[in-house]
Structure formats: structure tokens, C-alpha cells
Amino acid sequence: MVLGLVILTLIVISCVSSQRRRSPYAEWWRVALCLFLVGNAAFLLNGTDFQLWANPVGKVLVVAGSFCIWAGARTLRDHRVHPWFLAAASIPSGIASALDDPGNSVWSGGLVYLGLTSLGITLAGLELWFAKPVRSRITRFLSIIAGLTALYYLFRTVSFVLDGPTSQVFRTFFGYAPAALMHLILLVAVSSTMNTLSNKQLIKRLRERADRDHLTGLLNRGAFLELAARSLAESSPRGAALILADLDNFKAVNDEHGHAAGDSALRAFAAACTSSVRSSDLVARYGGEEFVLLLPGATQQRAEAIASDISGRLAAMKGPDGLPFPTVSYGVTSTGADVQDLAFLINVADAALYSAKAQGRNRVVGADPADAEAAPEASHPPS
């Protein structure tokens, strides 16, 4: 009952303190609190006629709550957990309890219950330890608390197997009362730091939104220029390749089929780009229907092959009403052995792109920066 009152208090505090701020971490944590509350309330029916169904249900809910803590910790690393996985992880404890005379034994299916609870908390501790995007003393502290709780549950499981739930050792150190104390330590520790971690998660997401184009989900021009300059400086002596792409006759698409068709073409090209490059490559909407890609470590030939692959993927897609998407022209250049200035590379690729347009569009034109003159200002701004 004390554990239930504490959990209820934590739920209220959580809802009030983050009323205007909703983060995935906080949402998962509130779900975990609710599951712990209802699960432990079900255990209060032990010793009554309702124990037959209440005990298995309570075990399922507590195990699910443990895995919700893990799911919340995973969001700190931008990883997701599907709800069906929580069901798959927790239902076995209810089945094991239901098959083990739950009406007469409060520890029916106890081995499965303790093992799964220990597993959920252990996984949460590992996620918190490796939560690099928001790694701090807080996540390390929570990881240690989760690790100690998981270790306690491991000893609890071993004692359950060796001594049995009715032994003096188990009841003294691993019964419901000592376990409730460990739960309190874990719950209070996580709740006390929830707002800080939630705020860090929200700030990180807001920063990512500011760096992304709202239509395509790619980097925007400002974020690309900053990240590309940094990547280019770090890429020596591996070098890098740069691709400038422009959708052909894009204005005609908007004029003839409407802006929705144009937006669909932009999203399709963005999808084709992200499907063709590595996770370490940078892809951005440079402006209007113009896109730019930086491929660290790629050669000129590799970059030209990627540009052709992007066009092939785009051609295989169909737009609204089955209409084909527009073709694309590309200007490609690379750093070679020397790392040139980013603005210089963009200007060289821009000149190659103009050449592709002049040659009839829908083609890839490469340019060697060594043959280019000192970088003039690009002759046209991205539309």
C-alpha cells in the first residue's frame, strides 16, 4: 500500500511538472508508473477469492512496467520500442503464473516473473549507460541505480530457485517488503531526474527540427554548410565528393499539376537520395528544387555512380495519379588529394550542373576542381 501511494504521488507530480512539455521519455515513464500502480494494487488481492486472476495480472503489469522503463531509456538514443514487444515480453509471466496454481500460491510462475522483471530493468540500465546523445552524470546515476536493482532481482531469482519463496532467507531479504523498498529507490531516482532528461530530449529534438527542411526531412542549407565544412576539414586525406542536383523543368510541374505534385516530387527525390547514400553522408535541400550531397571519402567516379543511382530510383517511383516524376541534372566534383574550400567545391559543381542543363538535362556532368579557375561567386542563387 505504501508503494502504491508513492507511485500515485509520483504520477501526479510527473503530470503536473511536465504539463506543457511532452517528451517520449516522460510518456513512457508515466506509462510505467501506471502499470506499477495497477500491478501492485492487484497484489493487494492476494489471500482473497480474487487471487486466482489478480496475481497473474499483477505479474504481467509489473513486468510490462519494467520494460516500459527500458522503452523510455531507448528514446534517449532515438530508438523505438513497438507496443507489441512489451506484450510479448510480459504475457509469458502471466501464462506461467496461470499454469502454476495461482489461486493457492502467490508465487505461482515466480521464476518467470522474477527473470523477466530483472531482464527489463537490466536492459534499461544498459540503455541509460550508452545514451550518448544525452550522456551525463544523470544518465550514469540512473544506470547505476537500475543496475543495482537488476542485481537485486538476480539475487532474488537465485534465492527463489535455491531456497524457495517460503524460506526464511527469501522472506527476509527478497520478499514483497524488501522488493517494495528497492522499487521505491528506483522509482524515486528516475522520477527526480525525469524533468531534466525530458528537457534535454526536447531541446535536442527542437534543434534537429531547426536543422531540417520541413517538407523533405533533409538538412536545410544552413545546417548543411556548417556540417559539411566540418566534415570536409576532417576528411583529409581521404577527400570527399560533392553532388549538386536540380530537378528538371520543375516550374512546369507546379504550373501544370499544382504545388502538391511539386511537393511530392521533392519528397520522392529526397527519399531516393537517402536510399542511395550512407548514413555518414550529408544530404540537404539547398533551396527550391536544388539539392546538395557531400560524400566523405568518395571518389569522383563513385559520386557520379551514386547520382545515376538516385535518378534510377526516382524514375522507378510514380507520382500522384501515376504521373512520372521529373528528371534530374547533376553537377559532380571531388576534392582529390587536396581538400578545397567548401564554397569552391559548390561553385565547381554548380558550373558542372549548368553544363548538364545546357547539354539537354537529365544527365550527370563531372568537373575536376583542379581544372577550374579560382572560385567565382555562383552565378545564380538557388530558387
For this session: Go through N55 and S108 one step at a time and tell me if the side-chain contact (heavy atoms from CB on, under 4.5 Å) criterion holds.
Result: CA-CA 8 Å; N55 195 266; S108 59; 3.6 Å; yes
Do any side-chain atoms of residues 252-263 form donor-acceptor pairs under 3.5 angstrom with protein atoms, and if so which ones, sequence neighbours left out?
| unit_1 | atom_1 | unit_2 | atom_2 | d |
| --- | --- | --- | --- | --- |
| D255 | OD2 | K251 | NZ | 2.8 |

Problem set entry | Sub-4.5 Å side-chain heavy-atom contact between I243 and V292 | no
Exercise. Going from CG on D341 to CD1 on I346, what distance comes out if it is rounded to the nearest 0.5 angstrom?
Worked result: 8.5 Å
For this session: Using the side-chain contact (heavy atoms from CB on, under 4.5 Å) rule, take Y354 and V365 through it: C-alpha gap first, then chi angles, then the decisive distance, then the call.
Result: CA-CA 9 Å; Y354 260 97; V365 173; over 6 Å; no
For this session: Would you please name every residue forming a salt bridge (Lys or Arg N to Asp or Glu O under 4.0 Å) with D100, sequence neighbours left out?
Result: none
For this session: Please report the C-alpha distance between T335 and L232 in whole Å, then the side-chain angles of each, then the deciding distance to 0.1 Å, and finally whether the side-chain contact (heavy atoms from CB on, under 4.5 Å) criterion is met.
Result: CA-CA 9 Å; T335 62; L232 202 58; 3.8 Å; yes
Exercise. Can you check whether D213 reaches L219 side chain to side chain, under 4.5 Å on heavy atoms?
Worked result: no
Seminar exercise, completed: One should read off an interatomic distance between L114 CG and F155 CZ, to the nearest 0.5 angstrom, of 14.0 Å
Problem set entry | Partners passing salt bridge (Lys or Arg N to Asp or Glu O under 4.0 Å) against R74 (at least two apart in sequence or in another chain) | E127
For this session: List in chain and number order the residues that pass salt bridge (Lys or Arg N to Asp or Glu O under 4.0 Å) with R156, two or more places apart in sequence or in another chain; answer none if no residue qualifies.
Result: none
For this session: Please lay out, stage by stage, how D309 and S276 fare under the test side-chain contact (heavy atoms from CB on, under 4.5 Å).
Result: CA-CA 7 Å; D309 182 62; S276 301; 2.8 Å; yes
Problem set entry | Distance-minimising heavy-atom pair for L266 and G288 | CD2-O, 3.9 Å
Seminar exercise, completed: When rounded to the nearest 0.5 Å, the distance separating CD of E290 from CG of L353 is 6.0 Å
Exercise. What class does the angle between the rings of F170 and W107 fall in, given that below 30° is parallel, 30 to 60° is tilted and above 60° is perpendicular?
Worked result: perpendicular
Exercise. For L225 and L342, which heavy atoms make the closest approach, and how far apart are they?
Worked result: O-CD2, 3.7 Å
Exercise. Under a 4.5 Å cut-off applied to non-hydrogen side-chain atoms, are R278 and L295 in contact?
Worked result: yes
Exercise. With distance as the sole criterion, is a donor-acceptor pair present between the side chains of S311 and Y330 under 3.5 Å?
Worked result: yes
For this session: Answer yes if V38 and L184 sit in the same cluster of Ile, Leu, Val, Met, Phe, Trp and Tyr residues linked by side chain heavy atoms under 4.5 Å apart, and no otherwise.
Result: no
Exercise. If we only count heavy atoms from C-beta on, is the F43 to L61 side-chain gap below 4.5 Å?
Worked result: no
Problem set entry | A146 to I121 - nearest heavy-atom pair and separation | O-CG2, 3.2 Å
Seminar exercise, completed: Sorted by chain and number, sequence neighbours left out, ring-ring contact (aromatic ring centres under 6.0 Å, His included) with F85 holds for W70
Seminar exercise, completed: Value for OH (Y113) from OG1 (T117), rounded to nearest 0.5 Å, stands at 5.0 Å
Problem set entry | Between OG on residue S93 and CG on residue L111, distance to nearest 0.5 Å | 11.5 Å
In a table with atom names and distances, give each donor-acceptor pair under 3.5 Å that connects a side chain of residues 322-329 to protein atoms at least two apart or in another chain.
| unit_1 | atom_1 | unit_2 | atom_2 | d |
| --- | --- | --- | --- | --- |
| T327 | OG1 | D248 | OD2 | 2.7 |
| S329 | OG | D248 | OD1 | 2.7 |
| S329 | OG | D248 | OD2 | 3.4 |
| S329 | OG | N362 | N | 3.1 |

Exercise. Where is the tightest heavy-atom contact between P296 and L294, given as atom of each residue plus distance?
Worked result: CD-O, 3.3 Å
Problem set entry | Which atom of V63 lies closest to which atom of L116, heavy atoms considered | CG1-CB, 3.8 Å
Exercise. If we ignore angles and hydrogens, is there a donor and acceptor under 3.5 Å between the side chains of N104 and D101?
Worked result: yes
For this session: Would you confirm whether the ring centroid of F174 sits within less than 6.0 angstrom of the ring centroid of Y152?
Result: yes
For this session: Measure from the ring center of W28 to the ring center of F67 and say whether it is less than 6.0 Å.
Result: no
Exercise. Under 3.5 Å, is there a donor-acceptor pair linking the side chains of S159 and D163?
Worked result: yes
Exercise. Between atom CZ of F291 and atom OG1 of T216, what is the distance when rounded to the nearest 0.5 Å?
Worked result: 5.5 Å
Exercise. Taking S355 for the side chain and A351 for the main chain, is one N or O donor matched with an acceptor at less than 3.5 Å?
Worked result: no
